[in-house]
Number of protein chains: 2
Amino acid sequence: MSATIYDVAREAGVSMATVSRVVNGNPNVKPTTRKKVSEAIKRLGYRPNAVARGLASKKTTTVGVIIPDISSVFFSELARGIEDIATMYNYNIILCNSDQNKDKEVRLIQTLLGKQVDGLVFMGGKIAEDHIEEFTNSPVPVVLAATVDENEKIPSVNIDYEQAVYDVISHFIENGHRRIGFINGPLEIPINKHRLAGYKRALAAHDIPFEESLVSIGDYTYESGKEATVQFLAQEIKPTAIYVAADEMAIGAIHEIQDQGMKVPQDIEVVTSENTRLVQMVRPTLSSVAEPTYDIGAVAMRLLTKLMNSEKVETATVVLPHHIDYRQSTK
Amino acid sequence: MSATIYDVAREAGVSMATVSRVVNGNPNVKPTTRKKVSEAIKRLGYRPNAVARGLASKKTTTVGVIIPDISSVFFSELARGIEDIATMYNYNIILCNSDQNKDKEVRLIQTLLGKQVDGLVFMGGKIAEDHIEEFTNSPVPVVLAATVDENEKIPSVNIDYEQAVYDVISHFIENGHRRIGFINGPLEIPINKHRLAGYKRALAAHDIPFEESLVSIGDYTYESGKEATVQFLAQEIKPTAIYVAADEMAIGAIHEIQDQGMKVPQDIEVVTSENTRLVQMVRPTLSSVAEPTYDIGAVAMRLLTKLMNSEKVETATVVLPHHIDYRQSTK
DNA sequence: GTGAAAGCGCTAACAT
DNA sequence: ATGTTAGCGCTTTCAC
């Protein structure tokens, strides 16, 4: 059994209250007693029990993080942003994979609240009624990261997905493209709805009719990017540019184009969305909407610290700036 | 304030012990009272406080996971393996990035033990004396994942890194290669020492002299892979095959080879080590030592559950089988 | 500046 | 089958 605060108190010849003060850096302790206590702590190898502290203080300095899949390049970069800021503010994170499964998500929220986390960062796809209910009933603050709640009820950090796609497509059109393919993710997810809206708005702004056959829905995997591209390339008049909603799908698209003997960007230009490290690891390197992945995580965690600290926040719905990094997959 | 076990007891007209029994699935409860209690729980929206439970029971059903960098593809796959098995056995994980910084690692271990985790999974580079001391003093079990302790004092899960490299190099030699480049990671890390040993052993077994100039040390990044390759290709007699210790470096190597107008595998064959999803996302696809990344994490966590449960384990130093997946980067 | 004492919400003997 | 009673190790008033 390791030493408790009581053991230290006895060893130092003071009360546990005083030990507690020393441990917590309370200034109301005479330097000499502080020294006595510190020495006793060292001698006994005392390490405060955070669980007991959590029970007494009702703070665990731990936040829950629910993420679709930590092994995804995109989400793991987000997670790194979250963890770095958490560390900076002295929090630890309990990390849970949800696979975007609603039941699992709800269960995880409850487990984490049961563990008395001081706050929650949630990443997911669609925010349903069930989520909203859990979040609003939560005794601790919740922040969404790279996840949009259409009602804007929950604090969140995102970019303007619609505008980002609008920018890309407009750029394509201004460079003479008329048939522009779009490999999107599932439409249940609001982010993808916004992307589609941006795509349509850009076409409309340039008087180009929308064509259903130029839009394909993938599941973010390399394979689904390839498959979508197979469809596009099977058309009599192939697209000359493709916008893709996820990096792995974009790499799939590029490879399919190349496998069919065409060249990127000469025959078809490609722009992707996530700007993960992957974009540098393909040939040609991928032009991408530069969604600040790490920053979204970092800002979300920072926002959460403010909320946990009951600080006033101007806007709880943060929209981070984006830009577009043009690399070799565009002319 | 949310309801406590005491509130539920009053609401159901029983004692808190009974409520506790119901909550914990203790069979010694009459079905009718169980029902009464369950209803009271539902009515009050009672959710057990895991912190209080942890203090009373001395179990938190939480394990600490120390990882160099969650945003690395390799480690995030490992982490996923760990988390999946943790979930399966009803544990949550507190995830901490160490950046392989020894001081940070030691601090994290102490923080996690302070939070009373029931066990620890550690991933890192070199295991120093300081680590060993923390681990042996730890009141809870520790398992190393994809991390070797040269003294084999701490339970661990790995593959036979030396043999893996030996296999690759032998295969190269048997296919006629004589000059084989080797892009390794830092030698302080035992895994890389083993890799180097395998490289040397294979050469020796085939009477090929070892040449210092064919071995380069990278830092696992794409860029360092490119740079090492620049060195190799600057030699009068270039290597005709290269073995690389990490996927991102291998992609850098391939791109450098291609950028210099040579072809993989025609001019130079390349084999890498981690077999992450990246190997499928390059052209040519990368042949790789198939280190079962996810499984290492999963097995490490499984081993930890046994240790936490004080079950007997045959071998605490687990060596998982590996094989080699030959893809397009080899003939 | 320091100590005493009452919880925090639960589990785990021990009774009954 | 159920209730009683101590803690678990700490924080936090409230006195002094």
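Quick note on labels: first sequence line is chain A, next is B, and so on, each numbered from 1. Hydrogens, waters and symmetry mates are skipped; everything else that's a heavy atom, side chains included, is used. Predicted model, so just to flag it, every value in this text is computed and none were measured.
- Taking atom NZ of A:Lys58 as the reference point, atom P of C:dC10 lies 9 Å away to the nearest angstrom.
- The phosphate of D:dC10 has neither OP1 nor OP2 within less than 4.0 Å of any side-chain N or O from A:Ser20.
- Computed from coordinates, the B:Arg53 CZ to C:dC8 P distance equals 18 Å when rounded to whole Å.
- Legend: residues meeting ring pair (Phe, Tyr, Trp, His ring centres under 6.0 Å) with B:Phe122, ordered by chain and number and at least two apart, are B:His131, B:Phe135.
- Between the CG atom of B:Leu113 and the P atom of D:dG9 there is a distance of 16 Å, rounded to whole Å.
- Taking CG from B:Asn97 and CZ from B:Phe75, the interatomic distance works out to 10.5 Å, rounded to the nearest 0.5 Å.
- In this structure, the OH atom of A:Tyr6 is 12 Å from the P atom of C:dG3, given to the nearest Å.
- Between B:Tyr294 and B:Asp84, the shortest heavy-atom distance links the atoms OH-OD2, 2.5 Å.
- Atom CD1 of A:Ile5 is separated from atom C1' of C:dC8 by 15 Å (rounded to the nearest Å).
- Using modelled atom types, one finds no donor on one side chain facing an acceptor on the other under 3.5 Å when comparing A:Thr305 with A:Asn309.
- Between B:Thr33 and the phosphate of D:dT2, there is a side-chain N or O to OP1/OP2 separation shorter than 4.0 Å.
- In this structure, B:Val23 and A:Pro27 both approach DNA chain C, and ranking their closest nucleotides by distance from the 5' end singles out A:Pro27.
- Summarising the geometry, the separation between CG on A:Leu55 and C1' on D:dG7 is reported as 12 Å, rounded to the nearest angstrom.
- Look at NZ on B:Lys59: it is 14 Å from C1' on C:dA12, rounded to the nearest Å.
- Results of the side chain to side chain donor-acceptor pair (under 3.5 Å) test with A:Gln110 over A:Glu134, A:Lys115, A:Glu105 single out A:Glu134 as the only residue that passes.
- Nearest-nucleotide positions on DNA chain D for B:Ser15 and B:Ala56 put B:Ser15 closer to the 5' end.
- Among the atoms of the strands shown, only primed sugar atoms or phosphate atoms (P, OP1, OP2) are found under 4.0 Å from some heavy atom of A:Thr18.
- The base of D:dG3 is paired with the side chain of B:Arg21 by a donor and an acceptor separated by under 3.5 Å.
- What separates CG of B:Asn24 from C1' of C:dA12 is a distance of 11 Å, to the nearest Å.
- Contact annotation for A:Asn49: backbone-only contact, meaning every heavy-atom pair under 4.0 Å involves sugar-phosphate atoms and none involves a base.
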